[in-house]
Protein chains: 2
Amino acid sequence: MMRISTKGRYALRIMLDLAQNDDLGPVALREISERQNITPKYMESIMSMLLRDKLVQSLRGKAGGYQLTRKPEEYPIYEILSCAEGGLAPVHCLAMEENECPIRRTCLTIPVWEGLHQVIKDYLSGITLKALIEQGANCV
Amino acid sequence: MMRISTKGRYALRIMLDLAQNDDLGPVALREISERQNITPKYMESIMSMLLRDKLVQSLRGKAGGYQLTRKPEEYPIYEILSCAEGGLAPVHCLAMEENECPIRRTCLTIPVWEGLHQVIKDYLSGITLKALIEQGANCV
DNA sequence: TGCATGTTAATATAATATATAGACACGCCT
DNA sequence: AGGCGTGTCTATATATTATATTAACATGCA
């Protein structure tokens with residue numbers, strides 16, 4: 001049904017939470033999960049994806065936790081969502097081998113999906129964590 | 001994972017097939033299903049959605065089948081995909097009651113989903129069945 | 001050494017998408 | 001009137017994916 005999944009929505013909220021709270025050092029998973037009302041164990045699996053793509057860094061041991069690796073204005077949210085969703089191409093075809101789909105060469109719909117992907121990418125690449133936080137500050 | 005589902009992809013191919021083949025009268029489901037390699041029974045459920053939204057009309061009896069209700073240039077593909085997908089809003093939140101989500105009022109991510117929906121809508125509304133067919137004719 | 005943190009792999013549960021089956025309704029044609 | 005070829009409807013089965021949980025482990029500071 002072409003919906004951003006829970007993973008993507010959570011990931012964005014987690015990154016926003018970090019942007020607003022990691023000034024004083026690493027933030028524990030537990031803390032974020034309570035603030036954002038996300039079960040800790042599920043959040044773990046999201047964190048591991050963000051880590052793999054180096055969107056966050058982690059510190060173990062007491063006083064450990066997670067921190068952003070860049071400044072909030074350097075995170076286009078396309079990167080965050082694409083990471084958590086496993087890509088944002090609207091159809092599988094786009095990632096397939098040329099010969100995997102028998103009608104690929106004559107399929108009239110391929111250009112639609114390519115164009116749609118581009119439009120989505122452009123839009124989400126134009127928004128940063130910082131922009132979202134500032135906009136939120138203005139509207140309350 | 002934010003993917004157009006099989007229903008949406010099939011629906012678009014079915015509508016393109018009709019646009020290219022219904023000049024001489026109704027086209028039988030069986031015929032389309034063979035050309036498009038879609039199982040007839042599954043295709044039925046897609047046709048019923050297209051019918052409900054009056055994107056096609058049907059005729060029973062011998063020589064019956066389906067036909068477009070408008071000219072191909074009068075079908076923005078947003079309508080077709082939205083029909084088959086059950087809407088194209090990228091998150092459930094947008095369709096929810098104001099109070100259904102406890103953080104709705106302060107959620108920083110809502111504007112992202114609203115904007116994303118709009119961008120998708122604008123793009124797909126600008127493409128018609130006719131445009132796709134003509135573009136296909138040019139590139140082979 | 002002990003505790004509070006993060007890490008990994010495996011599994012369970014729930015939701016949704018995809019596909020199928022069977023009984024029925026309609027309308028042309030002979 | 002009857003039969004065949006079409007579409008229609010409701011229910012169900014199967015497969016896939018998303019969501020969440022469990023348990024065992026690794027690390028680092030005090």
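Quick caveat: nothing in here was measured; it's all calculated off a predicted structure. Numbered from 1 within each chain, the chains take letters A, B, ... in sequence-line order.
Contact annotation: B:Thr6 side-chain N/O to C:dT18 OP1/OP2 distance is under 4.0 Å. When the side-chain nitrogen and oxygen atoms of B:Tyr66 are compared with OP1 and OP2 of D:dT8, one or more of them lie within a distance under 4.0 Å. Dashed line: the shortest gap from a side-chain N or O of B:Ser58 to OP1 or OP2 of D:dT6 is not under 4.0 Å. When the side-chain nitrogen and oxygen atoms of A:Thr39 are compared with OP1 and OP2 of D:dT21, one or more of them lie within a distance under 4.0 Å.
You'll find that the side chain of A:Arg60 is closest to D:dT27, out of D:dT27, D:dA20, C:dT18. Closest to the A:Ser5 side chain, of the nucleotides D:dT19, C:dG22, C:dA19, is D:dT19.
When rounded to the nearest whole Å, the span between CD of B:Glu44 and P of C:dA23 equals 15 Å. Rounding to whole angstrom units, NZ of residue B:Lys41 and C1' of D:dT10 are separated by 11 Å. For the pair B:Leu51 CG and D:dT6 P, the interatomic distance rounds to 17 Å; values are reported in whole Å.
Residue contacts for B:Met1: at a heavy-atom cut-off of 4.0 Å it reaches the sugar-phosphate backbone alone, with no base atom in range.
Using a 4.5 Å heavy-atom cutoff, the side chains of A:Leu108 and B:Gln20 are in contact.
The side chain to side chain contact (heavy atoms under 4.5 Å, CB included) test with A:Gln67 singles out one residue from A:Val27, A:Asp23, A:Val56, A:Asp22, and that residue is A:Asp22.
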